[in-house]
Amino acid sequence: MIQEYEPEATRRAASDTESSRASRGWWDRNADEYQNDHGAFLGDDRFVWGPEGLDEAEAGLLGPATELKGRRVLEIGAGAAQCSRWLAAQGAHPVALDLSHRQLQHALRIGTGAEPTVPDGSTVPDGSTGRGPAPGVSGRVELVEADAGALPFRDASFDLACSAYGAIPFVADPVRVLREVRRVLRPGGRWVFSVTHPIRWAFPDEPGPEGLSVGASYFDRTPYVEQDETGRAVYVEHHRTLGDRVRDVAAAGFRLVDLVEPEWPEWNSQEWGGWSPLRGNLIPGTAIFVCVAD
């Protein structure tokens, strides 16, 4: 019997190219398990900002839901496009972008009826082509397979942009991605994105009591890397302090108008990786940056 190699966890430098390649491969390999484990919580057409369960319908971070109708919205790192389907149900015109082909196949499975495309509109592995939007379960959603660091859209072509834990934590150069988002947003457009709260980097990624003791320096920005037996990265996550994130936002041409740290609600009893009621009631798990393109 051939035993499957367990990736080695380490801290080391990882370039933008290596990080992108690792992210695409990891999400393609793990999309099925991810959607199976978390699909019920995420729903088919619900906009959830993180494991705490903060819902955009309640939070209104993109603006009042009644004002989304007719707006063109870009979702970065959309996964199976659950957030985009919620946006479509409000009358918006969402574009769901993801690096992972397998994640976008799950978007098709859930029922958008859209076709995943690559930036040049060429055939993707399952044989589908084209770019045009197609009818979804609650509206129209366009799926695009592309890297967030090189968005295949014209300047000032979106009214709003959003990302719920997509792309930003997995790239070596977040300012590059933020500048691309700024480029495709119209002046005054809102960009809202959520990431793991930076303070979590200092704690073990465990949901129980062992996850409540500081185990590493908050200021150590060395990426977390899982690598195979040849040293090739198969998963990469990058850490930025809270101050780093704020400076990144400003460097990309955005104005930060709010920073939301969702509290753990009483109704949420689930554990999601290192997120749990125990930890969530004591330390923040998610940071949501609400920005405006000036």
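- Here D220 pairs with R11 under the salt bridge (Lys or Arg N to Asp or Glu O under 4.0 Å) rule; sequence neighbours left out.
- A pairwise comparison of heavy atoms in A233 and A22 identifies O-CB, 3.6 Å as the closest pair.
- The backbone N or O of G211 sits less than 3.5 Å from a side-chain atom of R279, completing a donor-acceptor pair.
- When only modelled atom types and interatomic distance are considered, Q227 and R12 share a side-chain donor-acceptor pair under 3.5 Å.
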Side chain to side chain contact (heavy atoms under 4.5 Å, CB included) between T196 and Y165, intermediate numbers included:
CA-CA 7 Å; T196 301; Y165 276 80; 3.4 Å; yes
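- Residues V195 and I76 are members of one and the same hydrophobic cluster, defined by side-chain heavy-atom contacts under 4.5 angstrom among Ile, Leu, Val, Met, Phe, Trp and Tyr.
- Ion pair R46/D55 flagged as a salt bridge, since at least one NZ, NE, NH1 or NH2 atom sits closer than 4.0 Å to an Asp/Glu carboxylate oxygen.
- Within a 6.0 Å radius of CD in E266, other residues, nucleotides and ligands contribute 12 heavy atoms or fewer.
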Side chain to side chain contact (heavy atoms under 4.5 Å, CB included) between W275 and T286, worked out
CA-CA 10 Å; W275 286 264; T286 296; 4.1 Å; yes
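- Residues R200 and H197 have side chains that never bring a donor and an acceptor to within less than 3.5 angstrom of each other.
- Between F193 and F289, the angle of the ring planes stays under 30°, which puts this pair in the parallel group of the 30/60° scheme.
- Shown here for S15 and A172, the closest heavy-atom pair between the two residues is C-CB, 3.9 Å.
- Connectivity analysis of hydrophobic side chains (ILVMFWY, heavy atoms under 4.5 Å, direct or indirect) links V175 to nothing; its cluster partners are none.
- Pairing each heavy atom of P223 with each of A14, the nearest pair is CG-N, 4.2 Å.
- With respect to D16 and R176, a salt bridge is recorded, a charged nitrogen being found less than 4.0 Å from a carboxylate O.
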Side chain to side chain contact (heavy atoms under 4.5 Å, CB included) assessment of V234 paired with R29:
CA-CA 10 Å; V234 297; R29 290 189 305 274; 3.6 Å; yes
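- Classification of R255 and D294 as a salt-bridged pair holds, one side-chain N sitting under 4.0 Å from a carboxylate O.
- Counting only distance, with no hydrogens or angles, the side chain of Q90 and the backbone of K69 share no donor-acceptor pair below 3.5 Å.
- Using a 4.0 Å cut-off between charged side-chain N and carboxylate O, R190 and D159 make no salt bridge.
- Here the side chain of N30 pairs a donor or acceptor atom with the backbone of W26 at under 3.5 angstrom.
- W49 and V290 fall within a single hydrophobic cluster, where Ile, Leu, Val, Met, Phe, Trp and Tyr are joined by side-chain heavy atoms under 4.5 Å apart, directly or via other members.
- In the hydrophobic clustering of this structure, L178 groups with L256; members are Ile, Leu, Val, Met, Phe, Trp, Tyr whose side-chain heavy atoms approach within less than 4.5 Å, directly or through other members.
- In terms of modelled atom types and a separation under 3.5 Å, the side chain of R240 and the main chain of H238 share no donor-acceptor contact.
- Ring-plane geometry between W27 and F170 is classed as perpendicular, the angle between the planes exceeding 60 degrees on a 0 to 90 degree scale with a lower cut at 30.
- A donor-acceptor pair is defined here as one N or O able to donate and one able to accept, closer than 3.5 Å; such a pair exists between the side chain of N268 and the backbone of E52.
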L74 vs L97, test: side chain to side chain contact (heavy atoms under 4.5 Å, CB included). Steps then yes/no.
CA-CA 7 Å; L74 175 62; L97 179 142; 4.2 Å; yes
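- Ion pairing between E145 and R24 holds under the 4.0 Å rule for side-chain N and carboxylate O.
- A donor-acceptor pair shorter than 3.5 Å can be found between the side chains of Q82 and Q35.
- With sequence neighbours left out, Y218 forms a ring-ring contact (aromatic ring centres under 6.0 Å, His included) with H239.
- Side-chain contact, S23 with Y235: no donor N or O sits under 3.5 Å from an acceptor N or O.
- Distance alone, capped at 3.5 Å, places no donor-acceptor pair between the R183 side chain and the A156 backbone.
- Ring centroid separation for the pair W201 and Y224 does not come in under the 6.0 Å cut-off.
- Applying the salt bridge (Lys or Arg N to Asp or Glu O under 4.0 Å) test to D228 and every residue at least two apart in sequence or in another chain returns R232.
- Residues forming a ring-ring contact (aromatic ring centres under 6.0 Å, His included) with F158 (at least two apart in sequence, or on another chain): F153.
- I288 and L160 fall within a single hydrophobic cluster, where Ile, Leu, Val, Met, Phe, Trp and Tyr are joined by side-chain heavy atoms under 4.5 Å apart, directly or via other members.
- Both W191 and L242 are part of a single hydrophobic cluster, where members link through side-chain heavy atoms under 4.5 Å apart.
- Side chains of W86 and E56: a donor-acceptor N/O pair is absent below 3.5 angstrom, by distance only.
- Listed by chain and residue number, nothing satisfies the side chain to side chain donor-acceptor pair (under 3.5 Å) test with E58 (two or more places apart in sequence, or in another chain).
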